[in-house]
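First comes the structure, then the notes that go with it.
All values derive from a computational prediction rather than experimental measurement.
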Amino acid sequence: MGVRNLVCLLLLIYVMNLQQKIFAQADIKASVELIRRIIPQQASSFIVQSLKPENGKDVFEIESSHDKIILRGNNGIAIASALYYYLTEFAHCQVTWNGINLLLPQKLPALPQKIHKNTPYQYRYYLNYCTFNYSSSWWDWDRWQKEIDWMALHGINMPLAITGEEYTWYLVYRQMGFGDEDLKDFFSGPAYFAWFWMGNLDGWGGPLPLSWMKSHATLQQKILKRERELGMHPVLPAFTGHVPAAFKKKFPQAKLKKTNWHNGFGDTYILDSEDPMFAEIGKKFLDEQTKLFGTDHLYSADTFNENEPPSDDSSFLSALSGRIYEGMHKADTAATWVMQGWLFYSDRKFWKAPQIEALLKAVPDNKMILLDLAAEIQPVWKRTQAFYSKPWIWNMINNFGGNINLFGRMDGVAEGPALALHDTASGHMAGIGLTMEGIEQNPVIYELMMDHAWRDQPIDINQWLKKYVLDRYGSDDENLVSAWQMLRQTVYNGKIIRDGAESIITGRPTFDSATVWTRTKLNYAAHDLLPAWDLFINASSKGINSDGFAFDLVDITRQVLANYASPLQKKWVNAFMSKDTAAFAKYSNEFLELISDMDVLLATRKDFLFGPWISTARSWGITDEEKALYEKNARDLITLWGDENSPLHEYANRQWSGLLNDFYKQRWMQFFSMLSNSLRSDTKPDLDGFEKSIRSWEWNWVNQQKTFPLQPTGNSLAESQRLYMKYREMIGKAYE
């Protein structure tokens, strides 16, 4: 080798080592800052060091040395995971959305030997388009920072990142000559971005102020900076053809297709991928987005989300996906398409094997990643030859609409990912993930799912629950372990129903036991939940009072009372049908009292308050008009969803203090008043008239402005005990 070549080689090695050192220092700095945010008092007891990845995948180590805990990892995610592993396995702590236990002992437990963990999964994906509205519509940077820390602790390295997308589109269309007047009916309100981004609706909840777009572009920059500092690779959006209605006037020769989501909203317009402007706009969008937010070369694009394609011809579908990918590739030669597999689940009638194969095979295998969005319910990989050689991710969806209920498939989640990983038919399974429509409920299921991040074998749920109880409550009380086994066999058995049952309380008033979206069928016998309630109430009098315990006690009490609404409904229905005025008055009043009692119970936990949802929505407004718009968005999404004739009403219903008394109870009061008048006058109730009037009342409620409490009131344990004393015996008798 010549001297010059040798010098060049040595210089290259030096530069590479220097870059690696700089990256390692950045990882360490971000990790140290995370530790300070999570456990500020004990942060100095941890030393952070760098590791190299193993086989291209993340790895961490934990070791004790001279009263210090050494955390090593190949990036910030690995180091954060090492921290959480130590906190849960050795200090018996826990960090969830609904309950935090960080009561570390004064002297940190030493490790008997070095721990070494590597992940079998290249990708640990997080979020669903819907999560950005059902949960995070109104998040500020402080709330996002907490969520990113939670992601890091739980091993997430591939988050969906679509905040601020609307500003990118605003800039692109302004460059193309569209004025604000052309765009005012295009952008949706902030609570509806998920469906706007997916091409389901235009304009609903708007017009969107420019101040929102700019503020959220800035917020997105903060989100991405932190995610990347920790070693995450965010997935950003790409163009799938959705354009403003004004497009047809500005470009009359453009090949546009009109489509409709069939949920009470107007038509939207899709630019045909054959049109030359399709690739041009796709490139403009990615170029502008990269200027604003950078790129990790991962792009989310979903065609025909809950909309059927115009043709099931394989050549048509293949050409379509090929052109979408080619549009990404022209803007970014390193682009990888990340596709939600929801369409294959939600419209199985259309998406049969030939159609799925055609859509996928037009894209190079190493340039596409499929998300099996609801693998714990109905794994699509099993009927698609593991997505026809594409890398794919096993995801758990678990929650729809952000509904409040106890639900999950505990045993299936404990086994599912590892069984798929070792299945010879699973092809290129490359990761696991969480794709729930809403978060901040059922923390046990999400802790369980992400425990797979650093293991490749099924989880022994019996042993896991013992540790969960200890980590969450700071106690290894055998009765609480027994209670969790009962919860496992009831609310968390995952049988019969797709997602968690709702209470008839949140349904539009009716004689029936359910409404369209308020589905009350349980996946267990309601009386089988009572023994678990008994054990939690008993534990509450023994001095167990961690944050997680208080949440769980309230949540279980809430679920028992929510279930009890069904037999109580039968009583007032029977009384009305038999024209027993006294019995109807008694049982309808008890029904209303039940709602009020639930409202008081839920007021003891901030997790269940309606007030913060409204307050944080209004906080983004600069003017009174903007504040009112955002409050309307916030009210509408979780009640009617659309206008007064919306077929989606109650889809995203919440059992929240403030909302129960101010919305649901008021509806039932009006219904009972009508029925009482019917009994007194001995006339048939005008149910059609009531339906019309209550729709109008609901829409008026959506358009109101009102403040609700922002801080909890009362004591969770005392209120749960009070309601137990009041209801336990009568509920037991109701199920006999």
Side-chain angles (χ1 to χ4, degrees), residues 97 125-152 156-172 186-201 205-206 208-230 232-240 242 285-286 288-302 305 338 340 402 433-440 613 616-622 626 629-630 633-634 637:
W97 307 301
Y125 184 82
Y126 188 55
L127 294 170
N128 179 316
Y129 273 78
C130 299
T131 328
F132 283 83
N133 282 135
Y134 289 137
S135 294
S136 62
S137 284
W138 318 114
W139 285 2
D140 58 11
W141 168 240
D142 285 343
R143 180 62 186 86
W144 265 111
Q145 181 170 244
K146 289 179 181 178
E147 195 67 17
I148 295 168
D149 286 348
W150 184 94
M151 292 183 215
I156 302 295
N157 70 346
M158 189 186 185
L160 182 64
I162 50 180
T163 301
E165 178 183 345
E166 60 282 358
Y167 187 59
T168 311
W169 277 119
Y170 177 79
L171 294 178
V172 168
F186 181 52
F187 295 109
S188 73
Y192 297 91
F193 283 150
W195 302 277
F196 167 70
W197 289 325
M198 292 186 288
N200 300 131
L201 54 80
L208 183 67
L210 184 58
S211 61
W212 176 282
M213 299 189 203
K214 290 181 176 180
S215 66
H216 281 72
T218 300
L219 178 60
Q220 172 76 328
Q221 288 168 343
K222 289 183 178 180
I223 291 168
L224 294 171
K225 181 175 183 292
R226 178 60 52 78
E227 290 177 348
R228 288 168 178 151
E229 285 174 349
L230 290 167
M232 298 180 190
H233 300 283
V235 180
L236 274 63
F239 180 54
T240 56
H242 180 210
F285 176 77
L286 291 189
E288 191 63 43
Q289 179 174 258
T290 302
K291 288 179 190 175
L292 287 170
F293 306 130
T295 183
D296 291 79
H297 314 292
L298 298 171
Y299 301 106
S300 174
D302 294 289
N305 179 67
V338 181
Q340 292 188 145
L434 300 174
T435 50
M436 58 280 121
E437 287 191 355
I439 62 170
E440 298 178 329
W613 178 255
T616 53
R618 291 182 62 87
S619 71
W620 283 103
I622 295 175
E626 289 179 6
L629 176 68
Y630 300 156
N633 268 245
L637 181 69

Checklist entry - Under the criterion side-chain contact (heavy atoms from CB on, under 4.5 Å), which of L127, V235, D296 is the partner of M158? => result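 The side-chain contact (heavy atoms from CB on, under 4.5 Å) with M158 is passed solely by V235 among L127, V235, D296.
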Of all the heavy-atom pairs spanning [X] and [Y], show the shortest one and how long it is.
X	Y	result
R228	G294	NH2-C, 3.5 Å
A161	L224	CB-CD2, 3.7 Å
A301	T240	CB-CG2, 3.5 Å
I223	I148	O-CD1, 3.8 Å
W195	C130	CZ2-SG, 3.9 Å
Y630	S211	OH-OG, 4.4 Å

Next on the checklist: Can you classify the ring geometry of F187 versus Y170 as parallel (below 30°), tilted (30 to 60°) or perpendicular (above 60°)?
Outcome noted: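 Ring orientation, 0 to 90° scale: tilted.
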Checklist entry - How about F132 and W139: are their ring centres within less than 6.0 Å of each other? => result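 When the ring centroids of F132 and W139 are compared, they turn out to be at least 6.0 Å apart.
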Checklist entry - Taking the six-membered ring for Trp, are F196 and W169 ring centroids under 6.0 Å apart? => result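 No - the distance between ring centres of F196 and W169 does not fall below the 6.0 Å cut-off.
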Can you tell me how far the [atom1] atom of [X] sits from the [atom2] atom of [Y], to the nearest 0.5 Å?
X	Y	atom1	atom2	value
E227	I156	CD	CD1	10.5 Å
L171	E166	CG	CD	11.0 Å
W144	Q220	CH2	CD	8.0 Å
T616	W138	OG1	CH2	8.0 Å
S215	Y167	OG	OH	11.0 Å

Check: [Y] and [X] side chains under 4.5 Å, non-hydrogen atoms:
X	Y	answer
L629	P209	yes
F186	H242	yes
L230	M151	no
L292	Q289	no
S137	Y192	no
F193	L208	yes
Y134	I439	no
W197	S188	no

Next on the checklist: Set out, in order, the CA-CA distance, both residues' side-chain angles and the distance that settles side chain to side chain contact (heavy atoms under 4.5 Å, CB included) for F293 and E165, then state yes or no.
Outcome noted: CA-CA 10 Å; F293 306 130; E165 178 183 345; over 6 Å; no
Next on the checklist: D302: which residues meet the salt bridge (charged side-chain N to carboxylate O under 4.0 Å, His left out) condition with it, sequence neighbours left out?
Outcome noted: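 Residues passing salt bridge (charged side-chain N to carboxylate O under 4.0 Å, His left out) with D302: none at all.
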Checklist entry - What residues, two or more places apart in sequence or in another chain, satisfy salt bridge (charged side-chain N to carboxylate O under 4.0 Å, His left out) together with K222? => result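 Once residues adjacent in sequence are excluded, K222 has no partner under the salt bridge (charged side-chain N to carboxylate O under 4.0 Å, His left out) criterion.
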Next on the checklist: Pair L160, Y125 - check side chain to side chain contact (heavy atoms under 4.5 Å, CB included), show working.
Outcome noted: CA-CA 8 Å; L160 182 64; Y125 184 82; 3.5 Å; yes
Checklist entry - Mind checking what makes ring pair (Phe, Tyr, Trp, His ring centres under 6.0 Å) contact with Y129, not counting sequence neighbours? => result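 Here no residue qualifies.
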Checklist entry - Partners of W620 by ring pair (Phe, Tyr, Trp, His ring centres under 6.0 Å), sequence neighbours excluded? => result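 W620 satisfies ring pair (Phe, Tyr, Trp, His ring centres under 6.0 Å) with W212, H216 once adjacent residues are dropped.
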Next on the checklist: Quick test of your reading: applying salt bridge (charged side-chain N to carboxylate O under 4.0 Å, His left out), list the pairs with at least one residue in residues 131-144, sequence neighbours left out, ordered by first then second residue.
Outcome noted: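 Qualifying pairs, neighbours excluded: R143-E147, R143-E440.
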Checklist entry - Would a distance-only check, ignoring hydrogens and angles, find a side-chain to backbone donor-acceptor pair under 3.5 Å from T131 to M436? => result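 Checked: pair present.
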Next on the checklist: So, using side chain to side chain donor-acceptor pair (under 3.5 Å) as the criterion, who are the partners of T295 when residues are at least two apart?
Outcome noted: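 For T295 the side chain to side chain donor-acceptor pair (under 3.5 Å) partners, ignoring immediate neighbours, are Y299.
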